[in-house]
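Since the structure is predicted, the reported quantities are computational estimates derived from the model, not experimental observations. Values below: all heavy atoms of this structure, side chains included; hydrogens, waters and symmetry mates excluded. Here is how names work: the chains are called A, B, and so on, in the same order as the sequence lines, proteins then strands, and each is numbered from 1.
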Amino acid sequence: VSGPKERPRNVLVFGATSAIAEEVLRLLVADGASVYLVGRSELKLEAVLADLRVRRAAAQVVEGEIADLRDTARHPGLFESAQRALGELDAVLIAHGVLPDQGACQASVDEALDAVAVNAGSVLSLLTLAANLFEARGAGVIAVIGSVAGDRGRRGNYVYGAAKSFVATLMQGIRHRLAGMAVRVITIKPGPVATPMTAGLAGKRLPMSEPRTIARGIVRALAQSNGDVYLPGRWYWIMLAIRLLPERIFLRLDI
Amino acid sequence: MSRQLLSWNRQPRIAPQAVNVLYDRHAELPHGFSKLIAYGNGRSYGDVCLNAGGTLLLTRRLDRFIAFDSRVGSVTCEAGVLLGDILALVVPRGWFLPVVPGTRFVTVGGAIANDVHGKNHHRAGSFGHHVLRLGLRRSDGTELVCGPSQSPDWFSATVGGLGLTGLITWAEIRLAPVASEWMIARTERFESLEQFWQRSEALDASWPYTVAWIDTLSARRGSVRGLLSCGRHAEAGEAARAWRDRAWRLPVEPPWSIVNPLSLRIFNAIYYRRGIPHRNVALHHVPFLFPLDQVRNWNAIYGRAGFYQYQCVLPRPGARRAVHQLLARIAAAGLGSFLTVLKTFGEDASRGLLSFARPGATLAVDFPNRGARTMALFEDLDRIVLEAGGALYPAKDARMPASVFRAGFAKADEFSAFVDPRFSSSFWRRVMP
């Protein structure tokens with residue numbers, strides 16, 4: 001059993017100024033949804049809010065506030081202000097994250113723990129609040145932008161991958177817990193996307209998707225999916241092959 | 001980079017040392033020593049947006065709206081927003097951009113930096129006439145806000161300034177009211193240049209948009225034939241049909257040019273007969289103003305070698321004679337194009353020190369790149385343009401020598417004082433070595 005197959009009307013977005021989230025927000029607003037944005041940088045958040053306010057129709061709410069999501073004590077307040085602005089929420093999208101330098105994580109445990117606090121710890125807190133909210137209501141959509149990096153640990157980015165894997169497992173559990181209710185729990189797993197976060201990877205011959213392409217897939221998923229959603233879809237098959245590789249072969253590969 | 005960043009005519013094929021995607025208009029310019037130039041949507045035809053050995057600043061991700069005032073009609077947005085995105089926002093609310101070039105896939109920053117013009121130049125001037133303010137980020141870390149009355153010296157350097165005065169980060173643009181997204185268009189045939197000048201003058205007086213297409217091959221037969229088309233925005237209810245964008249792409253990009261003397265003759269003959277003479281018809285603004293946008297990758301028809309556009313402006317009174325000479329020389333070369341456009345410019349002086357549009361007439365001709373033959377033709381055309389006191393359009397140029405630039409842009413030295421020390425382009429190094 002999964003949630004209602006409906007386009008969400010009132011959406012709370014964390015990490016709203018990330019390149020992918022911004023494109024998702026444009027599509028949601030073009031579709032008539034009201035949105036509440038949480039971002040870290042005030043200038044960036046103001047820029048995205050202004051853009052969406054130009055694009056919206058008169059009746060749509062476009063509000064937001066800044067927050068450092070590592071400060072989990074603020075999380076309940078963010079849900080409250082979003083509900084004050086939008087009324088009843090029907091979807092929560094968690095899109096914030098950092099891509100730490102793997103070398104730096106190996107050299108400094110603090111560096112690694114800080115990345116884990118952002119990518120996993122803060123998401124655990126937000127997911128707990130979202131799951132409790134939608135469990136009480138009996139309906140809703142929870143979506144997190146995870147990563148294909150969470151599907152199998154690789155030497156190039158396993159601290160990032162482990163946090164994403166933690167989030168994917170949390171989402172599985174929440175999906176299990178809320179199965180039978182009209183709540184959909186979606187883990188988005190994009191392949192590499194050309195965003196500021198991955199700007200340092202340019203030139204490494206990675207085939208990068210455009211944020212807009214991924215955003216279209218996310219909006220489609222918000223309206224109808226449940227479970228894991230690989231974007232673009234071919235990443236399902238690529239990651240299936242990578243997960244199925246026997247360890248003794250995997251260890252010899254330079255991927 | 002997996003895909004080389006080229007301009008629309010795919011020439012020259014030169015590579016920057018670095019490519020930097022800009023996401024945040026508040027951010028400082030990238031540090032370092034290499035020269036910077038903004039690259040928007042790659043719709044200029046040449047090297048004003050290219051930077052061999054330097055850094056390209058990709059502006060397409062600076063694509064946020066900042067404000068839209070639907071009461072007075074103005075829009076403020078980041079420099080990477082496409083004119084087409086602005087039209088999609090404002091046309092349903094009764095507004096239009098006062099000036100649009102022949103494609104809606106140019107960025108606001110590019111439209112300002114090249115001070116582009118459109119089919120309504122005789123009424124509305126060029127794009128820069130409608131820019132109320134703009135933000136200019138300099139390499140010293142400052143952001144200048146300038147407009148016609150605020151730092152006007154920086155404004156006149158930046159409008160038409162080819163992106164050299166710094167990075168244009170945002171702009172506020174005045175809009176023009178329209179009652180419909182449709183237009184009323186009318187096409188007339190002309191069978192000589194004399195007839196063109198005569199009818200053009202008459203139609204310019206009554207139509208806001210006018211432009212002529214010329215059958216370059218006809219000049220070989222002695223008299224130049226073509227189509228003169230004019231248009232205006234429709235009144236409410238005058239044309240109220242639904243319109244669907246039926247754009248398509250060439251499925252295969254030919255390795256060689258499919259524009260050749262035979263295909264040209266066939267195309268020109270068909271196109272000339274296509275015109276519906278002397279009758280007003282309702283046409284959506286996209287096919288009227290942006291006909292080539294309907295084939296998204298039309299530049300591919302010239303093959304991998306690409307093409308050149310030769311666009312000049314010829315001031316009065318020598319314009320008529322010069323147009324005649326240019327067309328005769330082009331016809332003699334047998335290198336004619338399917339896209340040859342002739343338009344009279346209005347009397348309004350452009351705002352920019354390096355603006356191209358000026359009173360007179362402009363002729364634009366596309367040529368497949370045939371190497372030395374094409375270059376030799378251009379040198380002959382240059383002589384005619386210089387003799388007439390004209391200039392070539394930097395936005396459409398990949399080859400003009402420094403002497404031709406100097407002759408056409410009298411304020412080049414005055415302009416140089418405003419060039420940001422970190423900014424340069426392949427174009428600029430060629431014309432101002």
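Of the two parts of Leu89(B), only the side chain, counted from C-beta on, holds a non-hydrogen atom closer than 4.5 Å to a non-hydrogen atom of chain A. For Asn20(B), no part lies near chain A; criterion is any non-hydrogen pair under 4.5 Å.
Residue pairs meeting the ring pair (Phe, Tyr, Trp, His ring centres under 6.0 Å) criterion with at least one partner in residues 12-45 of chain A, sequence neighbours excluded, are Phe14(A)-Phe79(A). Within the structure, salt bridge (Lys or Arg N to Asp or Glu O under 4.0 Å) pairs that include any residue of residues 53-66 of chain A comprise Asp51(A)-Arg55(A), Arg53(A)-Glu63(A), Glu65(A)-Arg74(A) (at least two apart or interchain). Note on residues 89-100 of chain A: no pairs pass salt bridge (Lys or Arg N to Asp or Glu O under 4.0 Å), not counting sequence neighbours.
Counted within 6.0 Å of CZ on Arg40(A), heavy atoms from surrounding residues, nucleotides or ligands total 12 or fewer; the atom is thus considered open. Atom CD of Glu42(A) is surrounded by 12 or fewer heavy atoms from other residues, nucleotides or ligands within 6.0 Å. Under a cut-off of 6.0 angstrom, the local environment of CZ in Arg252(A) is sparse, with at most 12 non-hydrogen atoms contributed by other residues, nucleotides or ligands. No more than 12 heavy-atom neighbours from other residues, nucleotides or ligands sit within 6.0 angstrom of CZ on Arg304(B). At most 12 non-hydrogen atoms from other residues, nucleotides or ligands lie less than 6.0 angstrom from CZ of Arg212(A).
Heavy-atom pairs under 4.5 Å with chain B peak, among Glu46(A), Glu22(A), Lys44(A), at Glu22(A). Among Thr195(A), Leu52(A), Val48(A), the residue with the largest count of heavy-atom pairs under 4.5 Å with chain B is Thr195(A).
In this structure, Ala67(B) and Val54(A) approach most closely via the heavy-atom pair CA-CG2, 3.6 Å.
Residues of residues 21-34 of chain B lying within less than 4.5 angstrom of chain A, judged on heavy atoms, are Tyr23(B), Asp24(B), Arg25(B), His26(B) in numerical order.
Looking only at side-chain heavy atoms (C-beta outward), Pro196(A) and Arg61(B) stay at 4.5 Å or farther from each other.
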